[in-house]
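To find a chain, count down the sequence lines: A is the first, B the second, and so on, and within it residues start at 1. What you see is a predicted model, and the numbers here were worked out from it, not measured in a lab.
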Number of protein chains: 2
Amino acid sequence: MIKDRVRTETYKAAITQHQNSIAGKVVVDVGCGTGILSIFCAQVGAKRVYAVDASEIAIQASAVVKANNLSDTVIVLHGRVEDVEIDEGVDVIISEWMGYMLLYESMLESVITARDRWLKPGGLILPSSATLYMAPVTHTDRYRDSIDFWRNVYGIDMSAMLALAKQCAFEEPSVETISGENVLTWPHVVKQVDCYAVTIDELKSVATRYRFKSMMRAPLHGFAFWFDVEFNGPAIFPTSTDSPSLFIGSSSNNPVDGSQRKKRSNPNEALVLSTAPEDPPTHWQQTLIYLYEPVDLEQDQLIEGSVTLSQSKENPRFMNIRLEYAAGGRAFVKESVMR
Amino acid sequence: MIKDRVRTETYKAAITQHQNSIAGKVVVDVGCGTGILSIFCAQVGAKRVYAVDASEIAIQASAVVKANNLSDTVIVLHGRVEDVEIDEGVDVIISEWMGYMLLYESMLESVITARDRWLKPGGLILPSSATLYMAPVTHTDRYRDSIDFWRNVYGIDMSAMLALAKQCAFEEPSVETISGENVLTWPHVVKQVDCYAVTIDELKSVATRYRFKSMMRAPLHGFAFWFDVEFNGPAIFPTSTDSPSLFIGSSSNNPVDGSQRKKRSNPNEALVLSTAPEDPPTHWQQTLIYLYEPVDLEQDQLIEGSVTLSQSKENPRFMNIRLEYAAGGRAFVKESVMR
């Protein structure tokens with residue numbers, strides 16, 4: 001993942017942008033991996049950086065820190081954020097916690113734990129917020145490659161394979177790169193995460209209703225999910241959900257006219273790490289939920305429904321995705337598991 | 001795999017070429033999958049085709065056969081070749097049994113079982129023989145992408161990651177497509193399989209000594225393995241290993257001057273399905289064993305050693321690969337597991 005230049009360079013730029021909040025301060029890097037973000041923080045003058053990782057890579061991180069003569073500043077802690085001890089308040093939490101589809105196998109719970117254990121009032125969390133989007137997509141080439149192939153295979157009628165082929169191709173969510181041209185209209189905000197206020201409980205199940213108006217006549221093949229994260233300064237987020245929000249277009253009242261495209265006010269010109277189809281590709285790509293049967297859409301046709309993301313009971317690491325969609329008077333449900 | 005046109009079209013051509021041996025005869029298709037090879041055989045006039053598969057795909061194969069009005073000719077048997085019953089001798093065995101590196105997760109044992117249970121004397125086996133090759137390769141781009149990246153990451157010395165990066169990148173065999181330009185000299189024959197004579201016992205461990213002379217000055221990054229299979233007619237192979245062989249250059253006396261390039265006489269102009277780097281790509285690609293440290297080779301430098309492929313004790317489906325290699329007075333051992 002460190003080879004994902006968009007990711008690493010955006011984090012580096014964010015650390016530089018917030019240099020004044022980091023220099024002379026205590027930082028925790030949650031899920032430090034190779035330690036690269038910890039070292040970036042040390043390079044802009046952090047007083048002390050606790051680099052925490054539960055995996056064996058913490059051993060390499062220690063060696064990297066030592067090789068860069070930063071052992072006095074960067075303290076690698078090999079263990080879970082829930083278990084390791086830090087005997088001082090921290091001013092900054094930095095973490096690259098985002099999973100596929102933002103929440104799949106993410107480390108956001110560890111960030112919340114670190115925040116609640118150690119972050120001083122007024123402290124900084126980078127990234128400060130995250131937004132998960134969805135949009136309807138058309139992808140005829142992908143559908144044809146996976147399915148239409150079977151209608152005539154070397155002159156043999158293999159239609160009997162279609163059901164199995166569809167199941168194999170489309171049962172599970174697919175992490176792949178699509179282009180902006182596959183997207184049929186402006187995205188819907190599935191979930192906004194304010195890293196200063198989010199709780200572990202609210203991540204257990206995320207549900208939203210959506211309403212899209214297709215901008216073109218095309219077969220609907222499925223829905224794409226992607227996210228972005230912002231690197232804002234601290235304390236601009238109200239912690240009460242009753243307070244006026246800086247966000248425009250929360251998931252309960254999305255406009256369908258495109259005004260959510262610039263989906264929030266950004267008075268600080270905060271840095272954004274985007275994994276949208278129209279932006280440069282990252283290792284997160286996009287996550288696609290394909291329908292077993294395409295739905296032919298007219299221009300301006302409405303697609304309405306809901307999506308629920310929840311932890312699997314089968315395995316807490318898996319994510320259940322329940323998608324309801326209706327278009328042209330027909331309604332469908334697609335359930336899938338990201339494993 | 002059915003989408004691998006090289007594979008499917010070569011099988012179709014072989015069935016057409018051997019039409020006279022198939023028309024009016026009884027055929028067994030070992031591991032029939034979707035049933036496509038069974039249907040090809042029915043189309044050239046087979047009297048009866050038993051299409052055997054242990055997996056659930058046999059259900060789809062039945063439906064495909066029915067959709068093509070071939071239920072009177074093609075009998076789908078859902079079960080293992082060891083377990084299903086066929087109450088007559090068979091004239092032809094056809095099977096697409098080859099795994100990665102020929103023998104990894106292959107179905108050759110099932111072909112042998114089918115042969116020993118049902119094949120009449122003088123019967124036909126397609127393919128009739130298979131050959132596994134290896135050759136030393138240079139692949140600087142691949143090595144640089146995986147390893148050299150860590151020497152300087154966004155200005156940080158990450159050399160401490162090198163050992164782990166090498167382990168992650170090169171510990172396991174890698175199935176990937178290389179080009180003929182990566183190959184440093186003519187290949188060595190690791191194993192020849194005569195489908196009429198091969199026994200299950202001789203597949204449990206395959207060992208060979210090799211001797212290469214690099215045709216160029218280049219870093220040796222590892223060894224590539226690939227295979228081809230031939231679709232010869234029956235009974236041209238002597239079954240005794242003492243008899244003169246049609247093969248030139250068995251694994252015990254490979255010349256190093258390139259004469260094994262055309263590695264066997266081919267008096268029948270038999271069809272060959274090749275997965276070599278210089279041939280059109282197939283889903284089998286090539287299998288690469290990378291060295292942790294490249295070895296700088298001079299032109300005409302000898303590389304000598306041995307390779308042993310054996311069933312893993314940990315899991316019978318895994319394949320252990322023990323590679324010994326010596327060049328320029330230094331000797332190494334690389335052990336890996338294909339899982």
Enquirer: I'd like to check the side-chain contact (heavy atoms from CB on, under 4.5 Å) partners of B:Val92; sequence neighbours left out, ordered by chain and number.
Expert: B:Ile22, B:Val27, B:Leu124
Enquirer: Quick one: side-chain contact (heavy atoms from CB on, under 4.5 Å) partners of A:Ala14, sequence neighbours excluded?
Expert: A:Phe231, A:Leu271
Enquirer: Find the distance between CD1 (A:Ile36) and CD1 (B:Ile156) and round it off to the nearest 0.5 Å.
Expert: 4.5 Å
Enquirer: Report the donor-acceptor contacts between chain B and chain A below 3.5 Å as a table, one pair per row.
Expert:
from     : atom 1 : to       : atom 2 : distance (Å)
B:Ile2   : O      : A:Tyr154 : OH     : 3.2
B:Lys3   : NZ     : A:Asp145 : O      : 2.8
B:Asn68  : OD1    : A:Asp157 : N      : 2.9
B:Asn68  : ND2    : A:Asp157 : O      : 2.6
B:Asp145 : O      : A:Lys3   : NZ     : 2.7
B:Tyr154 : OH     : A:Ile2   : O      : 3.2
B:Asp157 : N      : A:Asn68  : OD1    : 2.9
B:Asp157 : O      : A:Asn68  : ND2    : 2.7

Enquirer: Could you tell me which residues satisfy ring-ring contact (aromatic ring centres under 6.0 Å, His included) with A:Phe332, sequence neighbours excluded, listed by chain and number?
Expert: A:Tyr325
